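First up is the structure itself, then whatever we jot down about it.
On a predicted model such as this, the values are computed, not experimentally measured, just so you know. All ligand and atom numbering here is 1-based and tracks the order in the structure. Counting begins at 1 with the first residue of the sequence.
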Amino acid sequence: MTDAAELRRRTQELLAAHPPATTGRLDFLRARFDAGLAWVHYPEGLGGLNAPRSLQAVVDAELEAAGAPDNEPRRIGIGLGMAAPTILKYGTDEQKQRFLRPLWTGEEVWCQLFSEPGAGSDLAALGTRAVREGEDWVVNGQKVWTSSAHLARWAILIARTDPDVPKHAGITYFLCDMTDPGVEVRPLRQITGEAEFNEVFLTDVRIPDARRLGAVGDGWRVAQTTLNNERVAIGGMRLPREGGMIGPVAKTWRERPELRTHDLHQRLLRLWVDAEVSRLTAERLRQQLVAGQPGPEGAGMKLAFARLNQEISGLEVELRGEEGLLYDDWTMRRPELVDFTGRDAGYRYLRSKGNSIEGGTSEVLLNIVAERVLGLPAEPRTDKDVPWKDLAR
Ligand SMILES: Cc1cc2nc3c(=O)[nH]c(=O)nc-3n(C[C@H](O)[C@H](O)[C@H](O)COP(=O)(O)OP(=O)(O)OC[C@H]3O[C@@H](n4cnc5c(N)ncnc54)[C@H](O)[C@@H]3O)c2cc1C
């Protein structure tokens, strides 16, 4: 039984064998993975020890106290939060062995090739085609809004393998090598001036059948694991009190008394409480996850995250007055991660606009909560039994 004491012992053993002060960063991370201390709830041999997920905090605290490097989770969020749980659930033994270690250490960055120009909220309508040719699948199509595609070595990809059946049935899930011939990545500039995301054109890209994840035609079910994990990854991050967007505005309030008004005070207090409630609810959601895979409840967290970020960053701009309209940098940068710390209020205000779109729009998440959490009647769907090729596009 791997309990907290056993994890502490193993962590100290790792630190003694690989002292952080004298061990290279990557060597340390690889050794940590091999010791089963990467994500303790994963199976043995795959970076874990089959331990309760809640005990990860024990390992993290010991390593932090010893000054050990981490795997920069924010830089590799799509890999950790979305690709890994899907590969763990549906991957073959070879796929798990090949992909999970470099994914966790951050040696290989992942991106998500799901959305298309004609398929966002209605993702199951996607038109990128994968056609079987011998041992390969030949993929043609266009993806859009692909965060980090310019940094990624691998992508989780869904494509249509059977146009003759209804849209949800003819989709298959693949692991796509972003360095393969036929993969072209072009930057898309956002409202912030930065280009975090991209268009990705796939032209006769050959993906070996060994890199199919799950059964042919079962891609929609496999993708649900990714999407449910995505909402938790976006909305359910572990944060200290005042760790989110509320932090900078509370700091300004304390340090700049000349900016305060009674009206803004009331609104700040309300948002501070909402942010704290949301932070604690995310903690509870993570505890529920200890018991299994995330369900539709993550949609609620993601909804709250988007609304709060937009309201809080709006309040901050208002509080700062003219100064709040300043924006630090309009050069087109290609950031390695989305991080609002150290950025000005204008950046936070603009970037949070995307929070109610990425990972499912707030309108669509409300539908999911209504149908799958509250059990309300479903929206009418007229295309459920129509072959994809006959749908109006
Ligand atoms: C910052 C950012 C990063 C992203 N990163 C990625 C990524 O890495 N990989 C990836 O695959 N995608 C990514 N996306 C894409 C994202 O998932 C889609 O933008 C999103 O799913 C919405 O799809 P759409 O843009 O096609 O809008 P549409 O689906 O066309 O929606 C347009 C409007 O119609 C509303 N609407 C649509 N259907 C309904 C309905 N049934 N009921 C009520 N209202 C509805 C929507 O809420 C929205 O307001 C990213 C998006 C953003 C903003």
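- Considering only residues two or more places apart in sequence or on other chains, His168 meets the ring-ring contact (aromatic ring centres under 6.0 Å, His included) condition with Trp220.
- Only the side chain of Glu379 comes within 4.0 Å of ligand 1, judged by heavy-atom distances.
- A salt bridge is defined here as a Lys NZ or Arg NE, NH1 or NH2 lying under 4.0 Å from an Asp or Glu carboxylate O, and Arg32 with Asp60 meets this definition.
- Heavy-atom separations between Glu116 and ligand 1 are all 4.0 Å or longer.
- A 6.0 Å sphere centred on OH of Tyr173 holds more than 12 heavy atoms belonging to other residues, nucleotides or ligands.
- By the definition of a contact as any protein heavy atom under 4.0 Å away, atom 28 (P) of ligand 1 is in contact.
- Applying the side-chain contact (heavy atoms from CB on, under 4.5 Å) test to Thr23 and every residue at least two apart in sequence or in another chain returns His18, Pro19, Asp27, Phe28.
- Taking 4.0 Å as the cut-off between side-chain N and carboxylate O, Lys143 and Glu184 do not count as a salt-bridged pair.
- Considering each of Phe114, Trp145, Trp110, the one bringing a non-hydrogen atom nearest atom 7 (C) of ligand 1 is Trp145.
- When Asn367, Thr192, Ile368, Thr146 are ranked by how near their heavy atoms come to atom 40 (C) of ligand 1, first place goes to Asn367.
- Heavy-atom proximity to atom 5 (N) of ligand 1, evaluated over Ser147, Ala119, Gly118, is greatest for Ser147.
- With Ser362, Ser115, Ser121, Ser356 as candidates, the residue nearest to atom 38 (N) of ligand 1 on a non-hydrogen basis is Ser121.
- Among Ser148, Gly120, Cys111, Gly354, the residue whose heavy atom lies closest to atom 26 (O) of ligand 1 is Gly120.
- Contacts between Arg351 and ligand 1, counted as non-hydrogen atom pairs separated by less than 4.0 Å, involve the side chain only.
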